[in-house]
Amino acid sequence: MRQAHEMRMPVTMEVADTHVRVTSIRAAVISPNLNCKSTEIISLADVSDVYNVSTGLDPYEFIIRRSKQGVTSYFSSPQRDSIVKSIRTAKSQLRDTRYFRMDRFPRFSNISATLLHVGMLNIDSEDEGLRGAAYDLLGALCSYLNYDKNPIIVSKAGIIPGDISTFVIGLSDRLAGFAPKLTLDFISVISAGMDKATAAQRITCLQYMSPWVKNLTKFCNPTCSLYEHSGARLRDCIRSLIDLTISDLEINSMIHKHIWVEIGRQDTTLVYIVLEELIRAASDGGIGSRRCETIARSTAALSSINVRGRIFSKLRKALGKTSLKPSKTLPENVHWNEIATLARFALVASNHSKQAAFDQLYIPDVFHVVTLIAGTGQTLVRKSLYGVIMNFLQSVYLMRAEDASAPELRLLIDEFIKVENLTLFGLTRQSCTSEYCNYDPPNDKAMIDSQESLTRLLVRVMEVTSGSRGLLNIWRARWMSLATSTAFQLPAAIQSRAFLVLGTLATSDVDDDLVYQMLVAFKNALGQSTESDTMAVVCMLRCICKVVPSLTEGSRYLCQIFWLAVALLQSSYTAFYPDAAELMRVTVETLEKHGAFEGSSIPNVLLDGRVSLEDTVCQLDHLLCLSFDSSFSFTLAAIIFKGVRHNHLRSSAELVLRSLLSVTTRCDSQTEDGSASGLCPDALGYFIALLPFCTTHEAYIQLLQDCKGEEFLPAPNSSRSRLVPRVSVELLSLTDNTSALLTVSFASTLLTTAQGDDAETEILYNLLADIGVTHPESVSIIYDILQDRIKDAFANSSNAAIIRAVTSIFRNAQDSLRLGSIHSMSVSTLSTVDEGNPAQSLKQKLEELGMDGLTTSFQFLAPNRSHWSKIAAWISDLVLKIVGLE
């Protein structure tokens, strides 16, 4: 604590219901034999304000300013935010209970203002003596002020000219113009004495106080002689009006009319000061409190396009302050109360303007704030943001009721009422007459999808309401700039939402500088995330997915982003899988669109792009026992395939595999005579991985069309078209033993995870049996890893096609052992096959290719096994190499 800059002392502070106790920690020496600690009691009724300051080098300083004697005390504490909030809360509760006053009027600095109020208040008294004395007092006061147009002639007749109320209001109006220096004291005195007056007297007080309100502008105008540099007395006066508004709900409509409406007509400088005090007072009460709601309604009188812009500007600044003390969610942040209050004010300020065109100003700011806050906090906050958008739509509809766009606007308004769109704002209701309730998505993915859907919905609103392409482009550019600044500055609670907006808006001409910033932010988010909290990382990843198609041709990051997607899939975390798969898909398709694969193959182009990343990406390749150099398609298909066996990831896996198959087939160079010769060798791994999705005739036809294998389609009316599809070995073009070995190894791995006696199992067994005809040594070598499945098929399968296929595989294995193994023996049962040498031979051959991981049933990492920190560090290193910081 310090009372002056030169003196400081350590103290303890206790906040009670009616006062603040400040006690020194060190005892002061009073006499040689007596030490004593000092204690100061600060009455909350005497506290005019408490707020944070930044003076000198102390970042924790705050001020308690008292109305009496103008004393200001400075304190410093690391817990200043909670202390300031506690004092404000206690003071707001004290105001709401209308605490007992020791005096009728506060200590005043100008006695003339007090006497003026006494005279005007009592001139309408029923007591004739009091009425006459009040009349004479007003006359004497006018003379004292040297008012040369004094309408009062002192007379003992006791007759007051005309209607008393009209006379008092007129006199007050003329004195307000003649002696504006009395304004602050006069308004403060009236506000302080209202609680002792009757309802009729309070209304009269408001009527003769109203003319003085316009003088408040003079105290914030630097060119006026009444200007006060500190603004302390002006703010105290405004606070007294706020206290009056809160404490006297009985005449609230009259206060609104005579005070706040009059203030709303004044200069914007005064309006902004009043708005700041209203926001601070409402924040003290907390969202949903009577205090906050009463003040918010008063703000409607100030509502103008400037005030609307000011509120959204303050809301953005309040969101920015959350970075000082980041929290996991916005409602947990120390600044949430201010944010929630401003959201409520935003609803009040969004009422229809007299000039309808003004409703379209600040639309990008409105949408920006809504996307950052919607669906969080209390129901009232969620309703407020929903109401802001609905008010805007309704105002535009009323303005364009006769335009051609009116039906589409009406349709949009009706859509916002639907439950699926209400949930985007975190709200739900049983019927159109029931109360709104909170709705929270069940998991992170649902929350991200909801935020993305909200952004798309608001973009649609923008497109419908803009009315012209030019205005739409201006709005999008403004919203884009706000989202960009937020995405790279604010904490994770807000940053993740801003990135989702950025991904939705960045639909054209994205340059490498923006991608560079995204990747750096992605790397930082990885470092701050945990295994159970990866939402910020996933949001950024989804944003990168959305902007990749908009990258300019020749971007240096495209090939390297592909390897980032590969690394995320290799990391084996389910949270990353859908967006990593999507990132891989859009990257490959964008590279094709830019012509990057012309004159070369996809593996060559992509492997050239990872040369600078070799040291990092090869680490996980070796760990997974896979090699992109030996077989690009089988390695990539094996990495992707682990998502196929999970229902919520299956569609993502299919989409990226089909894309890789189609792009690889399209980019494949033709044979010399220009005719295709079966399946492209670079697409073989993707084709095999897609077989589990093609268990019907129609699905298999689609797969053949994707790989341009229509010549291998079964005849439409043949019996084969009604059965489970059977893959032609000629289609696979297994021209060498290596491709055959990789095919059967991968197919056997798929079989180990297949669902037993079903169409997929039949397809894979038939494939292995058919390959055994042309490459018997390849099939016999994988018999060992399929032996248990084959035994099970013989024992339990009722599918004749499967039994025929496994019989063929078994005979093939027996024949190979008889002819080629020095350990061959008589075969009488299934268990007589030598189980050692074939497995060793398969492992050895795959190891020579660096592909021994192909026979592994790939699994996602089990949670809570302490793998995350290592994986996150590894991916961070990769990102640093991509952006050139390492």
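Both backbone and side-chain heavy atoms feed into the values below; hydrogens, waters and symmetry mates do not.
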Undergrad: What's the shortest heavy-atom distance between S652 and Y577, and which atoms?
TA: CB-CE2, 4.2 Å

Undergrad: For Q702 and D706, which I'm curious about, is there any donor-acceptor pair between the side chains at under 3.5 Å?
TA: yes

Undergrad: Can a side-chain donor-acceptor contact be found between R811 and S808 if the only test is distance below 3.5 angstrom?
TA: no

Undergrad: Would Q560 and S612 count as having a side-chain donor-acceptor pair, cut-off 3.5 Å?
TA: yes

Undergrad: Would you say E589 and S659 are linked by a side-chain donor-acceptor pair, where the criterion is simply a distance under 3.5 Å?
TA: yes

Undergrad: Under the ring-ring contact (aromatic ring centres under 6.0 Å, His included) test, which residues partner W874, sequence neighbours left out?
TA: none

Undergrad: From the options Q495, K546, R456, R542, select the one residue that forms a side chain to side chain contact (heavy atoms under 4.5 Å, CB included) with L500.
TA: R542

Undergrad: Taking the six-membered ring for Trp, is the centroid-to-centroid distance between F562 and Y557 below 6.0 Å?
TA: no

Undergrad: May I have all residue pairs that pass side-chain hydrogen bond (donor to acceptor under 3.5 Å, both in side chains) and include part of residues 628-643, sequence neighbours excluded?
TA: S627-S630

Undergrad: Please list, chain by chain and in numerical order, all residues satisfying ring-ring contact (aromatic ring centres under 6.0 Å, His included) with F634, sequence neighbours excluded.
TA: F746

Undergrad: Does a side chain donor of either D852 or Q844 reach within less than 3.5 Å of an acceptor in the other side chain?
TA: no

Undergrad: Does a donor on one side chain and an acceptor on the other come within less than 3.5 Å for D533 and T530?
TA: no

